[in-house]
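Since the structure is predicted, the reported quantities are computational estimates derived from the model, not experimental observations. Computed over heavy atoms, backbone and side chain alike; hydrogens, waters and symmetry mates excluded.
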Amino acid sequence: MPPLPSIQAPAAVVMVRPHRFTPNPETAADNAFQQPAEREAAQRIAEAARDEVTAAAARLEAEGVRVHLFEDPGERDTPDSVFPNNWFSTHPGGHVALYPMHSPSRRRERRSDVIEMLKTCYRVQDVIDYSGLEPDGLFLEGTGAMVLDHLARVAYTARSNRADAVALERFCTHFGFEPLVFDTADAQGQPIYHTNVLMCIATQFALVGLELIPDARRAAELRARLEESGREVIALSAAQIADFAGNALELSGRDGRLLALSQRAHDSLTPAQRATIGQSARLLPLAVPTVEMAGGSVRCMLAGIHLAPRR
């Protein structure tokens with residue numbers, strides 16, 4: 001029998017298929033995961049990213065995950081539109097949040113047709129818009145900046161210029177989460193730009209790059225909180241984090257729970273780690289090497305829908 005549905009693992013997602021994808025020069029300064037792209041290869045890169053999204057969406061639908069696929073022709077100059085989880089999130093009880101984005105080009109990713117689809121297909125009670133914080137320099141880039149434990153109601157957040165404390169406090173107050181904030185540092189001593197490249201919280205396990213949290217006491221506290229919630233903590237190395245092993249999302253499919261992650265992330269996991277994950281979720285690797293040039297991976301591509309569907 002497949003495992004029971006979990007509010008941690010949505011059964012539907014929003015994805016955006018880009019037609020003019022390119023690594024975003026606006027976000028490169030603080031995103032060490034990005035790779036530069038050759039201008040001469042722009043058309044080839046854009047087509048490859050579009051095809052990767054098409055194939056990933058089809059694979060998810062074949063597994064029983066409902067995919068709402070939106071097109072981005074590119075006329076608004078939104079090179080990161082393939083990552084919709086940063087500008088909105090959905091929550092049980094019919095709540096939607098819109099977020100303040102750090103880069104001007106990313107602010108243009110917000111689109112009313114996505115919100116209207118949510119209202120049409122799901123039960124939406126309210127939409128709380130934090131984007132008005134942008135002129136004040138207060139940013140909180142959605143479920144990139146926060147990794148949400150929907151079961152224990154904790155918002156794990158790595159400090160960065162994309163996760164302002166004031167915006168985080170407002171979100172947690174409105175949505176009933178406890179903020180758990182911590183510092184991170186890569187090999188060059190720079191903060192990790194988004195929490196969701198560092199950790200993934202599933203129903204029965206959590207993937208976490210603990211060695212990128214320089215304060216050992218804080219890292220131990222984070223592990224303890226996850227273990228208190230009944231999860232098995234799978235510690236990821238810095239090399240695995242660089243391969244996007246933390247950038248995964250648990251989903252509810254037709255035959256049970258799945259862990260959607262990139263092929264690169266899957267290949268970086270050890271057999272023991274895969275076995276631990278496989279006890280409660282089936283690994284679903286998706287090939288997105290071109291999309292990963294922009295500094296995000298599969299989890300960033302999926303905006304989970306935690307809303308009750310309309311009949």
Side-chain angles (χ1 to χ4, degrees), residues 2-14 60 64-66 68 84-99 118 121-128 130 140-158 163 167-182 194-208 222-234 246-253 256-261 277 279-282 284 298-309:
L4 293 173
S6 166
I7 64 170
Q8 189 69 28
V13 297
V14 168
L60 290 169
V65 177
R66 186 176 186 185
H68 300 276
N85 80 305
N86 298 142
W87 68 263
F88 83 96
S89 66
T90 65
H91 303 266
H95 310 294
V96 177
L98 306 181
Y99 294 102
L118 293 174
C121 299
Y122 300 89
R123 299 191 181 279
V124 174
Q125 177 177 305
D126 54 23
V127 178
I128 300 179
Y130 299 105
L140 183 67
E141 296 192 341
T143 54
M146 303 175 290
V147 173
L148 301 178
D149 182 345
H150 292 275
L151 299 170
R153 310 302 296 172
V154 179
Y156 292 87
T157 308
L168 175 64
E169 188 64 35
R170 292 191 186 183
F171 167 83
C172 289
T173 299
H174 284 145
F175 286 87
F177 283 86
E178 173 195 351
L180 196 159
V181 183
F182 52 94
H194 270 167
T195 313
N196 76 355
V197 296
L198 183 78
M199 66 186 299
C200 160
I201 299 177
T203 304
Q204 295 181 237
F205 63 89
L207 301 163
V208 192
L222 191 150
R223 175 191 276 274
R225 287 300 301 273
L226 290 167
E227 290 176 341
E228 287 170 7
S229 69
R231 295 178 171 90
E232 182 161 1
V233 174
I234 302 170
N247 197 241
L249 181 66
E250 186 184 49
L251 299 168
S252 294
R257 293 196 290 271
L258 310 163
L259 187 69
L261 74 173
I277 293 168
Q279 292 173 8
S280 61
R282 183 160 52 85
L284 184 68
V298 167
R299 195 278 168 263
C300 299
M301 298 166 62
L302 305 175
I305 299 178
H306 297 267
L307 302 168

Could you list the residues that satisfy ring pair (Phe, Tyr, Trp, His ring centres under 6.0 Å) with [X], not counting sequence neighbours?
| X | value |
| --- | --- |
| His306 | His150 |
| Phe182 | none |
| Tyr122 | His68 |

Any side-chain heavy atom of [X] sitting closer than 4.5 Å to one from [Y]?
| X | Y | answer |
| --- | --- | --- |
| His95 | His174 | no |
| Val208 | Arg223 | no |
| Arg225 | Glu178 | yes |
| Asn85 | Leu249 | no |
| Arg170 | Leu140 | no |
| Leu226 | Met199 | yes |
| Phe175 | Leu148 | no |
| Thr157 | Pro179 | no |

Quick one: closest heavy-atom pair of [X] and [Y], and the distance?
| X | Y | result |
| --- | --- | --- |
| Leu259 | Cys200 | CD1-SG, 4.0 Å |
| Val13 | Gly304 | CG1-CA, 4.2 Å |
| Ala9 | Leu251 | CB-C, 3.8 Å |
| Ile201 | Gln8 | O-NE2, 3.1 Å |
| Thr195 | Ala158 | OG1-N, 2.8 Å |
| Val96 | Thr90 | CG2-CG2, 4.3 Å |

Contacts of [X] that satisfy side chain to side chain donor-acceptor pair (under 3.5 Å) - sequence neighbours left out:
| X | answer |
| --- | --- |
| Arg153 | none |
| Thr203 | Ser6, Glu250 |
| Ser89 | His91, Tyr99 |

List the steps, then state whether side chain to side chain contact (heavy atoms under 4.5 Å, CB included) holds for Ile277 with Leu207. CA-CA 9 Å; Ile277 293 168; Leu207 301 163; 4.0 Å; yes
Is Arg231 paired with Asp149 through a side-chain N to carboxylate O contact shorter than 4.0 Å?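 Looking at Arg231 together with Asp149, the answer is yes, because their closest N to O distance falls below 4.0 Å.
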